[in-house]
Amino acid sequence: MTNIDKVILQMMQVMLQNKLPAIDRIEEESHDPFKVLVGTLLSARTKDETTDAVCRRLFKRVSSYHDLKHLSLIELEELIKPIGFYHTKARHLQRLPHVLEERFAGIIPRTIEELILLPGVGRKTANLVLVIAFKIPAVCVDTHVHRIMNRLGYVSTKTSLETEMALRGKLPVKHWLVFNSCFVSYGQHVCLPRNPRCNECRIFSECERVGVNR
DNA sequence: AAAACGGGGGC
DNA sequence: GCCCCAGTTTT
């Protein structure tokens, strides 16, 4: 077993032991692809609680992409206000229904190559939509995954794409649904961006403690 | 490769 | 005040 396999296994064990909420949420939530897409898109650089609150409010007004066509930019901004980068994201939501209709016949696509053509959707968001909405195994590299892999020395680049490729084939057979959540969880509680709690870390024996992306 | 986009919450 | 928040787009 290589070093990276052991690290992933340990992070997953830590998460499963602590019964972190992400597990239940991913497995039990309703998974309307449109709502998953919107929620995931809005969640960028924003706390989950904030995103959840906004989504609950937003989905009372918007239940399909058709509803987005009837909202002005100002209205959209007001609806998603507390979320980070709300102006940019409101513009993305405004363009979303048109791109969906013109390029995908109104159907949320199921491949990453197609998903990243949607406004505001990059590789991380696209992969997360595959995982949550379609239950398709995928590695989505957010800042936590990227930072942890860099500190471990498993990758040596600044690009998250190379990290994603490096982790392909490392998806566990059993709990692959929460593979990404393990990195997020460990990144939030122990392997923090600026001030990691290295004294609490029992995973990395060879850690470079590299600061990456905050 | 770097900058710009950003309000909100915790300590 | 500093840190942190499951990034994407444009320079």
Side-chain angles (χ1 to χ4, degrees), chain A residues 8 11-12 15 20-27 29 31 35-58 73-74 76-96 99 112-133 137-151 155-164 167 171 176-198 209-214:
Chain A
I8 292 173
M11 274 193 294
M12 294 192 72
M15 180 170 181
L20 294 169
I23 298 176
D24 295 330
R25 216 171 19 158
I26 290 175
E27 291 178 350
E29 251 179 20
H31 296 117
K35 292 182 179 177
V36 172
L37 173 64
V38 172
T40 307
L41 192 158
L42 292 179
S43 75
R45 314 309 296 148
T46 304
K47 293 202 175 188
D48 277 352
E49 306 83 70
T50 308
T51 308
D52 290 345
V54 167
C55 283
R56 281 194 296 275
R57 183 154 48 95
L58 179 66
L73 184 59
I74 303 297
L76 281 171
E77 286 184 359
E78 285 304 316
L79 275 170
I80 68 173
K81 190 68 166 176
I83 284 196
F85 309 127
Y86 64 93
H87 179 68
T88 305
K89 288 171 182 174
R91 294 188 64 82
H92 290 152
L93 288 184
Q94 219 181 13
R95 280 184 51 212
L96 180 58
V99 178
I112 187 165
E113 290 79 11
E114 294 173 304
L115 281 168
I116 60 177
L117 296 178
L118 300 174
V121 178
R123 289 195 75 86
K124 177 261 169 183
T125 302
N127 278 315
L128 201 50
V129 169
L130 291 183
V131 170
I132 296 178
V139 175
C140 68
V141 178
D142 61 2
T143 56
H144 297 297
V145 175
H146 194 57
R147 179 178 65 255
I148 291 173
M149 286 297 97
N150 269 278
R151 283 178 175 163
V155 294
S156 58
T157 72
K158 296 289 184 188
T159 71
S160 58
L161 180 59
E162 186 166 331
T163 302
E164 180 187 327
L167 286 176
L171 274 174
W176 66 265
L177 254 176
V178 295
F179 175 80
N180 288 103
S181 306
C182 299
F183 286 89
V184 174
S185 177
Y186 205 75
Q188 286 177 340
H189 298 105
V190 181
C191 199
L192 299 174
R194 297 291 285 272
N195 302 307
R197 296 163 184 165
C198 299
R209 300 181 187 179
V210 181
V212 179
N213 287 347
R214 287 210 235 174

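Since we're looking at a predicted model, the values are computed, not measured. Order of the sequence lines sets the chain letters (A, B, ...), proteins ahead of strands, with each chain counted from 1.
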What nucleic acid atoms does A:Asn180 come within less than 4.0 Å of, heavy atoms only: base, sugar-phosphate, or nothing?
base
Check the distance between C:dG7's P and A:Leu161's CG and give it to me in whole angstrom.
17 Å
Is the ring centre of A:Tyr86 under 5.5 Å from the base ring centre of B:dG6, and are the two planes under 30° apart, so that they stack?
no
Taking the side chain as C-beta and beyond, is there a heavy-atom pair between A:Asn150 and A:Val155 under 4.5 Å?
yes
Nearest-angstrom distance from the residue atom CD1 of A:Ile148 to P of C:dC4:
13 Å
Separation of atom NZ in A:Lys89 from atom P in B:dA4, rounded to whole Å
19 Å
Checking A:Ser160 now: which residues fulfil side-chain hydrogen bond (donor to acceptor under 3.5 Å, both in side chains) with it, not counting sequence neighbours?
none
For B:dG6 versus C:dC3, give the span between their C1' atoms, rounded off to a whole number of Å.
15 Å
Check whether any side-chain heavy atom of A:Val121 sits under 4.5 Å from a side-chain heavy atom of A:His92, and report yes or no.
no
Kindly say if A:Arg45 contacts the phosphate of C:dC5, meaning a side-chain N or O under 4.0 Å from OP1 or OP2.
no
Could you go over nucleotides 8-11 of chain B and give all protein N or O partners under 3.5 Å, atom names and distances?
none

Take the protein atom CZ of A:Phe85 and the nucleotide atom C1' of C:dC4, then report the distance between them rounded to whole Å.
12 Å
Option from A:Leu42, A:Val36, A:Leu37 for which side-chain contact (heavy atoms from CB on, under 4.5 Å) with A:Thr40 holds:
A:Val36
Expressed as a whole number of angstroms, how long is the span from A:Leu42:CG to C:dC5:C1'?
14 Å
Check this for me: A:Arg95, atom CZ, are more than 12 non-hydrogen atoms of other residues, nucleotides or ligands nearer than 6.0 Å?
no
For A:His144 and C:dC4, is the shortest distance between a side-chain N/O and OP1 or OP2 below 4.0 Å?
no
Any side-chain heavy-atom pair from A:Val54 and A:Thr51 closer than 4.5 angstrom?
no
Kindly indicate whether the side chain of A:Pro196, heavy atoms from C-beta on, has any atom under 4.5 Å from the side chain of A:Arg147.
no
Side chain to side chain, A:Val141 and A:Met149, heavy atoms closer than 4.5 Å:
no
Nearest-angstrom distance from the residue atom CD of A:Glu78 to P of B:dG6:
14 Å
Set out, line by line, the N/O atom pairs under 3.5 Å between protein and nucleotides 8-11 of chain C.
{"residue": "C:dT8", "atom": "OP1", "partner": "A:Gly122", "partner atom": "N", "Å": "2.9"}
{"residue": "C:dT8", "atom": "OP1", "partner": "A:Gly122", "partner atom": "O", "Å": "3.4"}
{"residue": "C:dT8", "atom": "OP1", "partner": "A:Thr125", "partner atom": "N", "Å": "2.9"}
{"residue": "C:dT8", "atom": "OP1", "partner": "A:Thr125", "partner atom": "OG1", "Å": "2.6"}
{"residue": "C:dT9", "atom": "OP1", "partner": "A:Gly120", "partner atom": "N", "Å": "2.7"}

Expressed as a whole number of angstroms, how long is the span from A:Arg91:CZ to B:dA4:P?
19 Å
Between P of B:dG7 and CD of A:Glu49, the distance in whole Å
19 Å
What closest approach, in Å, do A:Lys89 and A:Leu41 show between heavy atoms, and which atom pair accounts for it?
CE-O, 3.8 Å
